[in-house]
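Structure first, commentary second.
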Amino acid sequence: MSGQSIPEQLRKSLQQHIEDADLQQNDELIQLMSKLSDLSDKVAAAKAKALARRKVTR
């Protein structure tokens with residue numbers, strides 16, 4: 001397992017396709033990438049919060 005969240009893996013995969021010219025960057029794709037970044041941030045925050053709680057309960 002890579003240790004990255006699913007939204008982050010998807011965002012990086014889409015970015016690679018853009019760089020490889022498989023996808024053209026348009027408004028819809030820009031919005032999708034932004035939403036994936038936001039979701040990835042939320043997942044990271046939730047993960048950090050869960051890890052902090054786990055340390056407190058031990």
Side-chain angles (χ1 to χ4, degrees):
M1 201 160 171
S2 73
Q4 294 179 339
S5 67
I6 293 172
E8 185 63 19
Q9 290 177 24
L10 182 55
R11 189 192 65 75
K12 286 186 176 189
S13 178
L14 286 172
Q15 184 63 42
Q16 186 62 47
H17 283 287
I18 292 168
E19 291 170 8
D20 293 343
D22 295 334
L23 292 173
Q24 291 183 349
Q25 200 162 8
N26 58 25
D27 290 341
E28 184 178 15
L29 185 57
I30 291 168
Q31 288 177 355
L32 178 61
M33 296 290 279
S34 176
K35 288 178 181 181
L36 285 170
S37 291
D38 291 344
L39 184 56
S40 182
D41 291 344
K42 288 177 183 178
V43 169
K47 184 177 179 181
K49 187 175 180 180
L51 288 173
R53 285 185 180 172
R54 186 181 302 165
K55 287 181 182 179
V56 170
T57 60
R58 286 187 178 191

Open item on the list: How close do Arg11 and Ser37 get, counting heavy atoms only, and between which atoms?
Closed with: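 Heavy-atom minimum between the residues: CD-OG, 3.1 Å.
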Quick one: pull up [atom1] in [X] and [atom2] in [Y] and give me the separation to the nearest 0.5 Å.
X	Y	atom1	atom2	value
Glu28	Met33	CD	CE	13.0 Å
Leu23	Gln16	CG	CD	11.0 Å
Glu19	Leu14	CD	CG	11.5 Å
Leu39	Ser5	CG	OG	7.0 Å

Where the side chain of [X] meets the backbone of [Y], is there a donor-acceptor pair that is under 3.5 Å apart?
X	Y	value
Asp20	Asp22	no
Ser40	Leu36	no
Gln25	Ile30	no

Open item on the list: Tell me whether the count of non-hydrogen atoms from other residues, nucleotides or ligands lying under 6.0 Å of CG in Leu29 goes above 12.
Closed with: yes
Open item on the list: Counting only heavy atoms from other residues, nucleotides and ligands, does the tally under 6.0 Å from CD of Gln24 exceed 12?
Closed with: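 Open.
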